Amino acid sequence: MNLVRELERDLKVANIICMNGRRHLTSSMNEVSRDLVVNTDSKKKQALMDLLLVLAELLHARDMQVSLESLVQENNYCKAFQVLSEYLQVLDSFSELSVIQEMSNGVEFWLGRALQKLDSLLLGVCQEFKEEGYLTVVDAYALLGDVSGLAEKMQSFFMQEVISETHSVLKSIVHEDQDAHLQNSRLTYSDLCLQIPESKFRQCLLKTLAVLFKLICSYHEIMSFQLENEALECPSTNAKLMEDRTPGSSSLEESTRSTSSADISEGTYYGNVESHQPVSEGRNGDGATSSSGSPWYHLRKEAIAFVSQTLLRGRKNLWQLTTSRVLVLLSSSAASTSIHQFLKNYEDLNTFILAGEAFCGVEVVEFRKKLKGVCENYFSAFHQQNISALKMVLEKETWLILPPDMMQIISFAGLVGDGVPFIAASDGNSSKPRVLHTDKSAKKIDRVAKKSGFSSWVRNGNPFLLKLSGSAKEANDCSPLSGATSGEYEGNVHNLHVDIVSSCNGDVNHINGSNSISEEENEDLLADFIDEDSQLPSRISQPNFPRSRSLHFSNDEFTAQTGSSVCLLRSMDKYARLMQKLEIVNVEFFKGICQLFEMFFYYLFEAFGQQNMGSSGKADSLTYRLKRALSRITVDCDQWIKSPSGSLSSTSAHADLTRTAPQSSNFGHAAGVSFGLKERCAGADTLALVSRILHRSRTHLQSLLLKSNTAIVEDFFEHVMDSVPDLTEHIHRTTARVLLHINGYVDRIANAKWELKDLGMEHNGYVDLLLGEFKHYKTRLAHGGIHKEVQDLLLDYGLEIIAETLIEGLSRVKRCTDEGRALMSLDLQVLINGLQHFVSLNVKPKLQIVETFIKAYYLPETEYVHWARAHPEFSKNQIVGLINLVASMKGWKRKARLEALEKIE
């Protein structure tokens with residue numbers, strides 16, 4: 001029973017335990033059921049919360065998309081590309097959503113439009129530099145990581161602008177008076193250059209140079225721009241986003257690599273993003289960098305430095321393109337204009353070259369060579385006109401001395417370079433003119449330009465726009481090197497032409513009342529035609545201005561001027577001035593001076609140095625120097641001498657000049673004689689005067705040429721100028737021979753009876769006739785209106801001609817005895833005594849040569865060869881005649897005579 005009771009008790013305990021367990025299980029089941037419901041609700045809540053976050057990000061992405069559009073419209077590219085980076089990260093986080101794919105496609109189109117608008121802003125910066133716009137572009141491309149692409153695009157834009165702007169300038173000027181149909185016609189730049197009228201060429205040139213100068217100024221400002229050490233601001237949308245950018249993980253880089261827009265190439269703009277530090281690192285709370293130590297400052301500074309270096313390397317390419325456009329313009333036929341217009345154009349181009357050299361940092365050799373070719377072509381046409389004008393003046397020259405009062409207004413300061421200003425430019429504020437010495441100013445300009453660089457040109461504005469506006473004061477205030485003194489920079493392009501332009505317009509007092517010297521000299525420079533009546537440049541008829549004579553002429557020198565000599569000297573003076581002005585071709589202008597003088601020299605020889613001799617006459621032989629000079633002139637001036645218009649051949653020239661010679665000549669116009677005594681002496685005197693002036697200008701002309709070219713000066717003076725005394729003597733000798741009518745006396749002396757047996761007391765009749773001719777000769781000289789010094793010189797030459805005539809006649813004698821030889825000595829003594837009454841100088845030394853020839857008759861047979869070699873003053877024919885006479889009369893053997901003649905020959 002105990003067992004039963006224990007079993008019962010155990011069963012009750014077990015029942016209680018089971019009931020408690022059942023109760024606990026039920027409670028646990030209920031609790032688990034409740035937990036399952038809570039868990040299900042929690043999962044639903046979490047899913048909804050997660051969806052809410054996605055929706056919030058999508059809403060934020062939509063707001064950023066709208067913000068991107070507004071930021072681009074506001075040109076806030078810096079913030080736009082920062083927002084774009086965050087926007088791309090959001091899109092990358094939900095790339096599996098279809099709406100995100102649509103938004104990603106929209107980013108590419110937005111980026112293309114943004115870059116296109118950014119390029120438009122960049123183009124505006126290239127056209128006219130603005131710091132704000134430039135920094136905006138640099139920041140944007142720096143954020144994109146494509147600074148190299150920015151630099152290349154800048155260079156490309158500048159090239160395009162050079163081409164388009166120069167084309168637009170020509171099109172607007174050439175077609176400004178034409179209808180819209182022609183304006184819309186598509187003509188190339190070369191075609192437009194061919195259509196430029198001459199009246200508008202300078203306008204085209206100035207506008208072209210102005211737009212090119214503007215572009216290279218903008219290029220230089222971008223190239224030389226440096227970032228200042230100051231606080232920089234670039235709004236950041238999410239600083240944490242910029243800080244979290246790690247190399248190789250940029251969503252912006254990854255997105256833009258897949259961009260297929262025409263303006264973007266794969267990896268071009270964003271390939272370098274990973275090389276930059278996070279741009280927002282180190283920002284303070286107000287979104288600004290505090291100093292140069294911030295990453296944003298370094299990012300911008302590195303971008304600006306890279307662009308500067310790239311532009312620095314490519315500036316020569318831009319300059320070559322600009323010069324090529326200018327050269328095409330200069331090839332236009334309208335460029336061949338008047339000399340003062342060409343000078344202004346040349347000065348504009350020279351200014352452009354100086355600016356280009358400052359811009360490039362090196363000498364622009366190629367463009368200078370091309371400009372030199374343009375100047376040489378213009379010089380050829382200009383020189384041909386001056387040669388033709390000189391020939392016309394020479395052909396109509398009457399060789400009358402100009403009045404002294406007319407010579408008071410003549411100056412050749414440009415030729416001798418005695419310190420008279422070539423061009424005086426007023427400073428606009430002072431009445432004191434500033435003297436410009438072109439040969440020195442170029443070196444000073446170059447020195448100052450190298451020191452200050454191109455920045456001074458930029459600071460002082462566009463000189464070509466000032467020329468277009470016609471403001472002389474503004475041009476004077478806009479010297480390209482304002483930091484230089486007036487002595488260092490006198491080369492202001494506008495002022496270089498002020499006097500020339502004013503003289504062309506007749507406004508001689510336009511610049512300054514005290515500038516009369518340079519104004520009149522510039523009138524001389526621009527006197528491009530000669531008055532046929534006065535044979536002087538037309539502008540010398542203006543009122544006389546007080547001046548000092550730059551050459552310090554004596555009164556005698558003033559009386560030696562003729563119309564042709566003044567024309568020649570003024571032309572050479574003009575050339576000398578142009579040598580200073582157009583230094584690039586000053587060698588050609590010096591050669592032009594040489595040719596002008598050579599033409600004058602050759603004409604004087606043709607007009608006064610030749611004569612028609614009778615059958616028994618003897619013409620003066622030419623010296624070696626004179627023959628060499630004439631040969632050189634024939635080669636150098638062959639085209640001018642043989643020119644059909646105004647030929648300088650002796651026949652036509654003499655025929656023309658015979659008609660224009662004055663009728664008051666003392667001896668009329670015999671056959672072959674074109675001018676009288678006074679005219680011939682005037683020709684010789686004016687040649688000597690021109691020679692003296694050129695000798696005075698020798699040092700100045702050498703100083704204008706480069707050292708490598710000074711040899712041509714020496715060559716000209718050695719081969720041509722040194723022969724002037726020979727030609728002057730030849731002209732005087734020819735004049736004396738023409739005036740002293742003794743051509744027939746050679747035969748008369750030779751035919752006289754010299755084979756005498758007894759010597760009488762009477763001399764031959766030809767002696768009295770010679771004395772009569774010489775008396776008439778002296779009378780002609782005394783009443784010829786020439787200087788006493790020239791009279792004495794011609795008398796001296798007359799004595800030498802008589803001596804030559806006697807020797808020539810005596811050398812032709814066929815038979816002569818010792819008595820006949822004694823009669824020759826008697827005739828000579830009577831002639832000497834007679835001539836001594838007509839001249840003040842000692843006659844006997846002049847006729848000593850005749851006595852020497854007469855006494856040679858008595859030499860031993862073996863001495864004639866030695867005597868002939870000791871007396872070169874006798875011609876070979878004269879010595880041969882003497883030996884034949886002596887051999888005949890003294891019975892020489894034929895072999896001895898032939899041997900003597902052979903040795904002499």
Side-chain angles (χ1 to χ4, degrees), residues 387 390-391 393-394 397 399 401 412 415-416 551 553-554 556-573 575-576 590-611 619-637 640-641 648 650 653 675 679-702 711-737 786-787 789-790 793-794 796-797:
I387 288 287
L390 178 62
K391 289 173 62 178
V393 171
L394 287 172
E397 174 68 277
W399 300 103
I401 301 299
F412 308 116
L415 188 61
V416 297
L551 292 183
F553 286 122
S554 66
D556 292 339
E557 287 178 326
F558 263 99
T559 58
Q561 289 282 12
T562 63
S564 59
S565 68
V566 171
C567 173
L568 171 67
L569 288 171
R570 289 175 70 90
S571 295
M572 292 193 295
D573 181 75
Y575 277 45
F590 178 76
K591 292 179 180 178
I593 291 177
C594 298
Q595 289 186 350
L596 287 171
F597 180 80
E598 288 171 352
M599 291 294 295
F600 185 73
F601 185 96
Y602 187 84
Y603 186 87
L604 285 173
F605 173 77
E606 288 285 312
F608 302 131
Q610 297 188 15
Q611 63 184 63
D620 291 300
S621 60
L622 304 180
T623 63
Y624 171 76
R625 288 194 306 183
L626 184 55
K627 289 180 180 179
R628 183 180 61 181
L630 292 173
S631 176
R632 172 194 172 103
I633 293 172
T634 303
V635 174
D636 291 348
C637 304
W640 314 118
I641 294 175
L648 292 183
S650 59
F675 298 101
E679 291 76 17
R680 288 177 170 272
C681 293
D685 292 343
T686 194
L687 174 64
L689 172 60
V690 172
S691 175
R692 287 195 297 273
I693 294 176
L694 282 178
H695 275 288
R696 294 179 187 180
S697 67
R698 181 174 184 171
T699 302
H700 175 60
L701 293 175
Q702 285 179 323
I712 65 174
V713 180
E714 303 296 334
D715 182 72
F716 170 70
F717 276 87
E718 178 183 355
H719 291 87
V720 179
M721 295 303 301
D722 289 350
S723 64
V724 169
D726 296 338
L727 179 57
T728 303
E729 179 182 349
H730 180 74
I731 291 174
H732 284 313
R733 286 184 178 276
T734 304
T735 300
R737 193 174 297 279
I786 60 177
H787 295 293
E789 295 80 3
V790 180
L793 182 63
L794 291 176
D796 186 64
Y797 289 150

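Worth knowing before you read on, the calculation uses all heavy atoms, side chains too, and leaves out hydrogens, waters and symmetry mates. Because the structure is predicted, anything quoted here is derived from the model rather than measured.
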Test item: [X] and [Y] side chains (from C-beta on) under 4.5 Å apart, heavy atoms:
X      : Y      : result
Met599 : Ile633 : no
Phe601 : Val724 : yes
Met572 : Ile693 : no
Leu630 : Leu622 : yes

Could you give me the CA-CA distance, side-chain angles and deciding distance for Glu718 and Arg625, then say whether salt bridge (Lys or Arg N to Asp or Glu O under 4.0 Å) is met?
-> CA-CA 9 Å; Glu718 178 183 355; Arg625 288 194 306 183; over 6 Å; no

Are the side chain of [X] and the backbone of [Y] linked by a donor-acceptor contact shorter than 3.5 Å?
X      : Y      : answer
Thr686 : Gly683 : no
Lys391 : Trp640 : yes
Ser631 : Lys627 : no

Taking ring pair (Phe, Tyr, Trp, His ring centres under 6.0 Å) as the test, write out the residues that go with Phe717, two or more places apart.
->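 Once residues adjacent in sequence are excluded, the partners of Phe717 under the ring pair (Phe, Tyr, Trp, His ring centres under 6.0 Å) criterion are His695.
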
Quick one: list whatever passes side chain to side chain donor-acceptor pair (under 3.5 Å) with [X], sequence neighbours left out.
X      : value
Arg628 : none
Thr634 : none
Ser697 : none
His732 : none

What do the steps show when you test Gln702 against Glu714 for side-chain contact (heavy atoms from CB on, under 4.5 Å), and what is the final call?
-> CA-CA 9 Å; Gln702 285 179 323; Glu714 303 296 334; 2.3 Å; yes

Test side chain to side chain contact (heavy atoms under 4.5 Å, CB included) applied to His730 and Leu626, Thr735, Thr623, the passing residue =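 In the set Leu626, Thr735, Thr623, the residue that makes a side chain to side chain contact (heavy atoms under 4.5 Å, CB included) with His730 is Leu626.
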
Full working for side-chain contact (heavy atoms from CB on, under 4.5 Å) between Leu701 and Phe716 = CA-CA 12 Å; Leu701 293 175; Phe716 170 70; over 6 Å; no

Drop me the distance from [X]'s [atom1] to [Y]'s [atom2], to the nearest 0.5 angstrom.
X      : Y      : atom1 : atom2 : answer
Ile786 : Ile401 : CD1   : CD1   : 11.5 Å
Leu568 : Gln561 : CG    : CD    : 9.5 Å
Ser571 : Leu596 : OG    : CG    : 5.5 Å
Ile593 : Leu569 : CD1   : CG    : 10.5 Å
Leu604 : Glu606 : CG    : CD    : 10.5 Å
Leu390 : Arg570 : CG    : CZ    : 14.0 Å

According to the interplanar angle, ranging from 0 to 90°, do the rings of Tyr603 and Trp399 count as parallel (below 30°), tilted (30 to 60°) or perpendicular (above 60°)?
->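 If you compare the ring of Tyr603 with that of Trp399, the planes turn out parallel.
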
Start with the C-alpha distance between Phe597 and Leu687, add both sets of side-chain angles, then the distance that settles side-chain contact (heavy atoms from CB on, under 4.5 Å), and finish with yes or no.
-> CA-CA 9 Å; Phe597 180 80; Leu687 174 64; 4.0 Å; yes

Ser691 and Thr728: CA distance, side-chain angles, deciding distance, side-chain contact (heavy atoms from CB on, under 4.5 Å) verdict | CA-CA 11 Å; Ser691 175; Thr728 303; over 6 Å; no

Partner residues of Arg632 under the salt bridge (Lys or Arg N to Asp or Glu O under 4.0 Å) criterion, sequence neighbours left out |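 Once residues adjacent in sequence are excluded, the partners of Arg632 under the salt bridge (Lys or Arg N to Asp or Glu O under 4.0 Å) criterion are Glu598, Asp636, Asp715.
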
Shortest non-hydrogen contact from Ala684 to Ile731?
->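 So the minimum-distance heavy-atom pair works out to CB-CG2, 4.1 Å.
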
